[in-house]
Asker: 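Just dropping this structure here.
Note that the coordinates shown come from a computational prediction; the quantities given were computed from them, not determined experimentally. Reminder, nothing fancy here: chain letters follow the sequence lines and each chain counts from 1.
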2 protein chains.
Amino acid sequence: MAELLPVFTACSTCPIRHRAVCASCDAEELDALNGIKYYKTYSAGQNIALRGDALDMVASIVAGTASLERVTEDGRVQMVGLLLPSDFIGRPGRSGLQYDVMAASDVTLCCFHRKPFEEMLDNTPHLRERLLEMAMDELDAARDWMLLLGRKTAREKITSFIDLIVRRSYHPAEAKLDQPMKIELPISREAMANFLGLTIETVSRQITALKRDGLIQIEGKRSVTIPDIYDLRAETGDDEEDVG
Amino acid sequence: MAELLPVFTACSTCPIRHRAVCASCDAEELDALNGIKYYKTYSAGQNIALRGDALDMVASIVAGTASLERVTEDGRVQMVGLLLPSDFIGRPGRSGLQYDVMAASDVTLCCFHRKPFEEMLDNTPHLRERLLEMAMDELDAARDWMLLLGRKTAREKITSFIDLIVRRSYHPAEAKLDQPMKIELPISREAMANFLGLTIETVSRQITALKRDGLIQIEGKRSVTIPDIYDLRAETGDDEEDVG
DNA sequence: CGACCTATTGATACGTATCAACCCGAGTGG
DNA sequence: CCACTCGGGTTGATACGTATCAATAGGTCG
């Protein structure tokens with residue numbers, strides 16, 4: 001099931017080197033991190049850790065997609081975090097997990113045992129600085145997401161999600177917004193439903209409707225082409241104002 | 001409208017001294033902060049800053065309640081942050097606001113101009129450490145909130161909100177959970193609706209229903225007595241597991 | 001080929017939104 | 001001191017969007 005994933009040994013060749021928690025570390029700091037890291041892989045569907053567990057590591061996602069999920073007493077599931085490569089798992093200073101961490105696809109993690117990582121945090125201002133930056137970015141993203149969950153229609157939710165994946169798939173500099181764009185949905189319909197606070201049936205129906213309306217084309221189940229990203233964004237319900 | 005609020009001049013007598021961003025500062029660091037702080041008040045309903053504005057300060061809430069809000073293009077409003085005393089406003093390293101900041105009641109802020117505060121961050125490890133801690137706490141809270149917005153029923157949303165206010169109103173140590181508890185709702189019905197992703201009418205109806213069911217008693221509009229907090233919590237939809 | 005999993009499509013139910021009327025207390029002005 | 005207005009809140013009737021229940025389709029693997 002899990003295809004063999006390459007093992008990266010040198011941080012300098014790491015694909016997430018410039019976006020992850022180590023992004024602003026200098027060569028010396030990187031050396032120190034390099035000494036305590038280890039890689040770990042999970043296959044799609046596996047849970048990486050469960051709510052209430054003591055997780056004695058923190059990690060960066062090197063490849064694949066993980067999700068954070070919360071569940072009601074009677075089993076309704078809400079995704080509360082979508083973690084793509086370079087995103088960070090775990091909370092320094094606290095080992096008790098607040099949510100389930102799931103591998104949405106095959107996932108490779110660059111892990112650090114909690115203790116040595118926390119010690120490094122104390123000695124490495126760059127590291128804590130970058131972690132704060134990332135936490136605040138996630139907080140902003142979480143707030144966008146709350147608007148989506150609380151106030152958007154099913155159609156707006158789907159278009160917003162596709163736009164989110166577009167934005168994470170293209171570097172802003174190299175994106176050609178006036179040409180058709182193509183993305184791979186990183187998660188299944190069920191995971192999308194859990195992300196968006198919908199049922200799988202509603203997700204499916206809305207995707208069909210967007211296809212019918214010519215806003216997207218679908219090849220297979222996961223591959224989406226957006227003929228005009230502006231047309232799609234006009235359906236997200238978002239204020240146009242370009243912030244951030 | 002805005003009653004006169006006391007002006008605090010010494011950090012040592014500040015009511016939020018031990019919970020705010022300055023909580024883990026020592027006397028010397030506090031002195032430095034004290035030198036650059038200034039107080040500012042807003043009256044209920046005023047907006048403190050709007051999305052897209054450049055906010056050249058950061059601040060702690062000393063008294064009152066503020067909210068962060070996001071709005072769709074056609075005016076639907078979702079609250080994305082509920083800021084109570086000791087909570088922090090603003091983002092070091094970025095002046096462009098991602099959301100509107102509103103005074104939900106009369107509010108007193110302890111403000112710092114952005115530049116000197118950011119300089120202090122660089123020289124004061126305790127400060128950045130505490131800020132990271134607070135950002136991660138808010139992230140956890142935001143994720144609970146996402147479960148609420150995405151998957152909970154109206155009744156569960158209301159009971160969850162009341163429980164949230166209970167938890168913020170009583171220090172865990174001094175709370176007597178087996179006795180009736182009394183709180184003041186810090187925000188209007190409309191603000192509750194925007195917090196919970198509901199309409200004001202639904203909020204009103206659910207409160208009436210909880211009253212009818214004997215789970216709460218209401219005096220006036222804002223004062224709520226909870227005869228049995230466990231009964232109320234049984235209605236929140238939350239997994240009982242005590243985490244965090 | 002059959003079993004299984006994911007996704008799609010259809011019919012209906014239900015929860016919350018919407019539209020509308022009304023209530024209540026506080027301010028305001030005659 | 002009463003009539004009026006205004007904002008916030010409650011209650012009622014109905015509409016509508018999404019959930020639910022159910023059947024079917026398509027792809028993959030044994």
Side-chain angles (χ1 to χ4, degrees), chain A residues 1-3 43-46 72 74-78 104-105 148-161 184-213 216-224 235 237, chain B residues 1 3 43-46 65 72 74-78 102 104-105 148-161 184-212 216-224 235 237:
Chain A
M1 176 172 289
E3 63 195 287
S43 50
Q46 252 189 306
T72 61
D74 63 350
R76 285 164 283 168
V77 178
Q78 176 64 51
S105 69
L148 179 150
L149 290 173
R151 294 303 190 195
K152 288 189 179 179
T153 65
R155 185 180 177 97
E156 289 169 341
K157 286 177 174 181
I158 300 286
T159 50
S160 296
F161 177 72
E184 291 295 310
L185 298 177
I187 55 177
S188 68
R189 296 290 187 272
E190 183 182 18
M192 282 181 64
N194 290 340
F195 183 104
L196 299 170
L198 296 171
T199 60
I200 188 172
E201 294 95 328
T202 299
V203 169
S204 187
R205 276 187 251 271
Q206 294 297 334
I207 288 179
T208 303
L210 292 175
K211 206 163 44 177
R212 167 175 47 69
D213 296 346
I216 60 173
Q217 291 147 19
I218 306 271
E219 299 97 46
K221 309 236 174 253
R222 297 285 189 97
S223 183
V224 179
E235 302 273 346
Chain B
M1 176 172 287
E3 63 194 288
S43 49
Q46 253 190 307
T65 306
T72 61
D74 63 350
R76 284 164 283 168
V77 178
Q78 176 64 50
M102 317 288 290
S105 69
L148 179 150
L149 290 172
R151 294 301 189 195
K152 288 189 179 179
T153 65
R155 184 180 178 97
E156 289 169 340
K157 287 177 174 182
I158 299 286
T159 50
S160 296
F161 177 72
E184 292 294 310
L185 298 177
I187 55 177
S188 68
R189 297 290 188 273
E190 183 182 19
M192 283 181 63
N194 290 339
F195 183 104
L196 299 170
L198 296 171
T199 59
I200 188 172
E201 294 95 328
T202 298
V203 170
S204 187
R205 276 186 251 272
Q206 294 297 334
I207 288 179
T208 303
L210 292 176
K211 205 163 41 178
R212 167 175 48 69
I216 60 173
Q217 292 147 18
I218 307 272
E219 300 98 46
K221 310 237 176 252
R222 297 282 189 97
S223 183
V224 180
E235 302 273 347

Asker: Distance check, rounded to the nearest 0.5 Å: B:Ile216 atom CD1 versus B:Glu235 atom CD?
Answerer: 11.0 Å
Asker: B:Ile218 has an atom CD1; how far is it from atom P of C:dG25, in whole Å?
Answerer: 16 Å
Asker: Look only at the side chain of A:Thr208 and the backbone of A:Ser204, and say whether a donor-acceptor pair between them is shorter than 3.5 Å.
Answerer: yes
Asker: Whole-Å distance between D:dT10 P and B:Arg212 CZ?
Answerer: 14 Å
Asker: Considering only heavy atoms, which members of residues 184-193 of chain A lie under 4.0 Å from some atom of DNA chain C?
Answerer: A:Ser188, A:Arg189, A:Glu190
Asker: Between B:Gln78 (side chain) and B:Asn194 (backbone), is there a donor-acceptor pair under 3.5 Å?
Answerer: yes
Asker: Does the B:Thr65 side chain pair with the main chain of B:Ser105, one donor and one acceptor, at a distance under 3.5 Å?
Answerer: no
Asker: Which value, rounded to the nearest 0.5 Å, describes the distance between B:Leu149 atom CG and B:Phe195 atom CZ?
Answerer: 8.0 Å
Asker: Is a side-chain donor or acceptor of B:Arg151 paired with a backbone partner of A:Arg76 at a separation under 3.5 angstrom?
Answerer: no
Asker: Base, backbone or nothing for each nucleotide of nucleotides 13-30 of chain D, written B, S, -, heavy atoms under 4.0 angstrom, 5' to 3'?
Answerer: B----SSBB---------
Asker: Nearest-Å distance, CD1 (B:Ile200) to P (C:dA21)?
Answerer: 18 Å
Asker: Evaluate whether atom CD of A:Gln46 has more than 12 neighbouring non-hydrogen atoms of other residues, nucleotides or ligands under 6.0 angstrom away.
Answerer: yes
Asker: Just wondering, do B:Ser188 and B:Arg222 contact through their side chains at under 4.5 Å, heavy atoms?
Answerer: yes
